[in-house]
Structure formats: C-alpha cells, structure tokens
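These notes are about the structure you will find just below.
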Amino acid sequence: QVQLVESGGGLVQPGGSLRLSCAASGTIFSIRAMGWYRQAPGKQRELVATVTSGGITNYADSVKGRFTISRDNVKNTVYLQMNSLKPEDTAVYYCNADVRVRLWASPAEYWGQGTQVTVSS
C-alpha cells in the first residue's frame, strides 16, 4: 500500500556532507510524522531526527547542530542534510513515516529499506 524509497547514501570522508531523501508513495491520505533512524553494526536502531506535518523537528543529541531534517508535504518526501559527518555516524539509515491511508483509518508506521552511510577516510 505504502512504499518508502530512500536515496542519497554513500561513502564520505570525515567532515563531509551527504543529503538523504525519502519519498513516500502509494495509497496515502495524510502523513503525520516522518523521520530518520539509523542502525550501526551490533547496535540497536536509534532515532536520528523527526519532523511533523507542521514542521516541528526533533533531533538526537548526537546530531544536533550538524544534521537538518526537512520535508516537502506536496511531494511526501523527507530529507536529511548531514554535515560535519563523523565516523560514528556510519550506519544504515532508515526512513520512517506515520501514514493514514484513508480518512477513517488509523495511522500506521512504515519503513524504508535503508541506505548505507559510511564515513571513513
């Protein structure tokens, strides 16, 4: 019903930048929060940043001041601008969205397939 497709991951040197994108498609009535999570090898998945449909943002302390989340409500797309990247930012980054597929339906959570971000010299 709903697909989230991420793009923009890759290999970057410490101090560099990357921009991730995630587009939601399918049967969508509305999207509440959208966000990014990440999972490093051997670690649990953790919140990176979220943004509501009204533009209210929330960030993990570890990325505050370096990462910026934004969204385009017309395109159902969320972005993550990552600056001053560090080796500890290396992880698979997952897109997440709270989607209502019908007016009368309860919101459901959807995940993308993940995109690898590697920060290394």
Considering only heavy atoms from C-beta outward, does the side chain of [X] approach that of [Y] to under 4.5 Å?
X	Y	value
V101	Y110	yes
M34	I69	no
R45	R38	no

Salt bridge (charged side-chain N to carboxylate O under 4.0 Å, His left out) against [X], all qualifying residues, sequence neighbours excluded:
X	answer
K64	D61
D98	R32
E109	none
R66	D89

Exercise. Taking N76 for the side chain and I31 for the main chain, is one N or O donor matched with an acceptor at less than 3.5 Å?
Worked result: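 Answer holds: no.
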Problem set entry | Check: R100 side chain, S30 main-chain N or O, donor-acceptor pair, under 3.5 Å |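 No; judged by distance alone, with no hydrogens or angles, the pair does not exist.
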Through direct or indirect side-chain contacts below 4.5 angstrom among Ile, Leu, Val, Met, Phe, Trp and Tyr, which residues connect to [X]?
X	answer
V74	none
W104	F29, L103
V92	Y37, L47, Y94, W111

Could you give the side-chain donor-acceptor pairs of residues 14-23 under 3.5 Å, partners two or more places apart or in another chain?
| residue | atom | partner | partner atom | Å |
| --- | --- | --- | --- | --- |
| S17 | OG | N83 | OD1 | 2.9 |

Exercise. Side chains of E88 and T90: is there a donor and an acceptor less than 3.5 Å apart?
Worked result: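 No donor-acceptor contact under 3.5 Å links the two side chains.
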For this session: Return yes if a side-chain donor-acceptor contact under 3.5 Å exists between Q113 and E6, otherwise no.
Result: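 Checked: Q113/E6 side chains pair up, N/O donor to acceptor below 3.5 Å.
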For this session: Start with the C-alpha distance between Q1 and I28, add both sets of side-chain angles, then the distance that settles side-chain contact (heavy atoms from CB on, under 4.5 Å), and finish with yes or no.
Result: CA-CA 8 Å; Q1 279 185 321; I28 298 172; over 6 Å; no
For this session: Hey, could you give me each pair passing disulfide (SG to SG under 2.5 Å) that has a residue in residues 33-94? Not counting sequence neighbours.
Result: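 Non-adjacent pairs meeting disulfide (SG to SG under 2.5 Å): zero.
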For this session: Would you mind listing every disulfide (SG to SG under 2.5 Å) that reaches into residues 26-75, with sequence neighbours excluded?
Result: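 Qualifying pairs, neighbours excluded: none.
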Exercise. When you look at L80 and V78, which way does the side-chain contact (heavy atoms from CB on, under 4.5 Å) test go after all the steps?
Worked result: CA-CA 7 Å; L80 186 68; V78 63; over 6 Å; no
Exercise. For residues 71-81, which residue pairs qualify under salt bridge (charged side-chain N to carboxylate O under 4.0 Å, His left out), counting only residues two or more places apart or in two chains?
Worked result: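 Listed by first then second residue: nothing to list.
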Exercise. Roughly how far apart are T118 OG1 and L11 CG, rounded to 0.5 Å?
Worked result: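 These two atoms lie 6.0 Å from each other.
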Problem set entry | Qualifying ring pair (Phe, Tyr, Trp, His ring centres under 6.0 Å) pairs, either residue in residues 54-93, two or more places apart |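 Qualifying pairs, neighbours excluded: none.
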